[in-house]
Amino acid sequence: MKIYLNGEFVEKEQAKISVYDHGLLYGDGVFEGIRVYDGVIFKLKEHIDRLFDSATSLQIDIQTSKEEISKIVIDTIRINGLQDAYIRLVITRGVGDLGLDPRKCPKPTIFCIAEPMNPLLGEDGIKVITSSIRRLPVDVLNPAVKSLNYLNSILAKIQANYAGCDEAFLLDSEGYVAEGTGDNIFVIKNGKIKTPPVSSSVLKGITRDAVVDLAKEQGYEIVEEKLTLHDLYVADELFITGTAAELANVVEIDGRIINNGEMGEITKKLSKEFKKIRKVMGTKVYE
Ligand code: PMP
């Protein structure tokens, strides 16, 4: 497996970065998780745009154009001869000194990994708990920035592990439902689909947006509104979306069984349609 690292492709064992890299010392960096399906990179442009927005927000100067970064992703898949894979594209502040001043980091570190990966949480339906860890408020570290700081998601994941669950949901600082540790949440009640608005401490997921568009095209009523745990507990159907998890059905939340533990009809339909569109909506790797 060859990995792109700062201008060259190296073997996995040789893909090493400095212990002075601020991505490591301070979590100072941004990233994207992307998937390629059947040789088509799903919504590559949207991922690259979000990556640049995250970097702009943190004042990280990528020093490389969007076209060149896109080419790095394409080349990483090509060189490894992959058709279906998960891609991790990371840009850190770069190598600096032991202080946290970003001005000491003249050049960002760029790397890209691509390897086959099944849906992260399986395909049989997941059990979820609500974490006592809150999602970061927008005035602390805006979750819209996909940064290398995932500690609050990790703390929530540890709670899910102890509870014997697959995933944890986090509330925002006001107590409304925000998102999972690495995914967005959708609720279905009486045929209406709901998802929290991006203003409530939620990453604007690219899978989320694709599913919103898809649901509209399929004629479903879909709204972005603040949701409470009550809405989740009494849901007819509940599912999550994310690049790594794809579209995963929730069968249980905090001990409440959803739809008798079965995937509901609307979720099934959206899941089926999503599997169709994701093979065509994006950038072809091999011409
Ligand atoms: N929320 C968080 C916190 C995430 O890390 C992710 C994964 N990137 C998502 C939501 C889902 O976003 P996407 O569909 O773009 O992968």
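First listed ligand is number 1; within each ligand, the first listed atom is number 1.
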Pairing donors with acceptors under 3.5 angstrom, does anything connect the side chains of E167 and T181? yes
Counting from 1, what ligand 1 atoms have a heavy atom of [X] closer than 4.0 Å?
X	result
R135	3 (C)
T243	13 (P), 14 (O), 15 (O), 16 (O)
T181	3 (C)
G205	12 (O), 13 (P), 14 (O), 15 (O)

Below the 3.5 angstrom mark, is there an N/O of [X], backbone or side chain, next to an N/O of ligand 1?
X	answer
A244	no
K146	yes
S153	no
K204	no
E179	yes

For [atom], what is the nearest protein heavy atom, given as residue, atom name and distance?
atom	value
atom 5 (O) of ligand 1	Y150 OH, 2.3 Å
atom 6 (C) of ligand 1	G182 O, 3.2 Å
atom 14 (O) of ligand 1	T207 OG1, 2.6 Å
atom 11 (C) of ligand 1	N184 OD1, 3.6 Å

With the threshold set at 4.0 Å, does a side-chain nitrogen-carboxylate oxygen contact exist between [X] and [Y]?
X	Y	value
E67	K71	no
R278	E246	yes
D53	K146	no

Would you call the rings of F239 and F186 parallel, tilted or perpendicular, where under 30° means parallel and over 60° means perpendicular? parallel
Test salt bridge (charged side-chain N to carboxylate O under 4.0 Å, His left out), reference K194, set E225, E221, E237, output is E225
T64 side, atom OG1; I110 side, atom CD1 - distance, nearest 0.5 Å: 4.0 Å
Tell me whether the guanidinium CZ or amine NZ of K2 lies under 6.0 angstrom from the six-membered ring centre of F9 and within 45° of its axis. no
Hey, does the Lys NZ or Arg CZ of R35 hover above the aromatic six-ring of F42, less than 6.0 Å from the centre and inside 45° of the axis? no
Is the contact between E32 and ligand 1 made by the side chain, the backbone, both, or neither, using heavy atoms and a 4.0 Å cut-off? neither
Region of V202 that comes within reach of ligand 1 [heavy atoms, distance under 4.0 Å]: neither
Near E11 CD, under 6.0 Å, is it more than 12 heavy atoms from other residues, nucleotides or ligands? yes
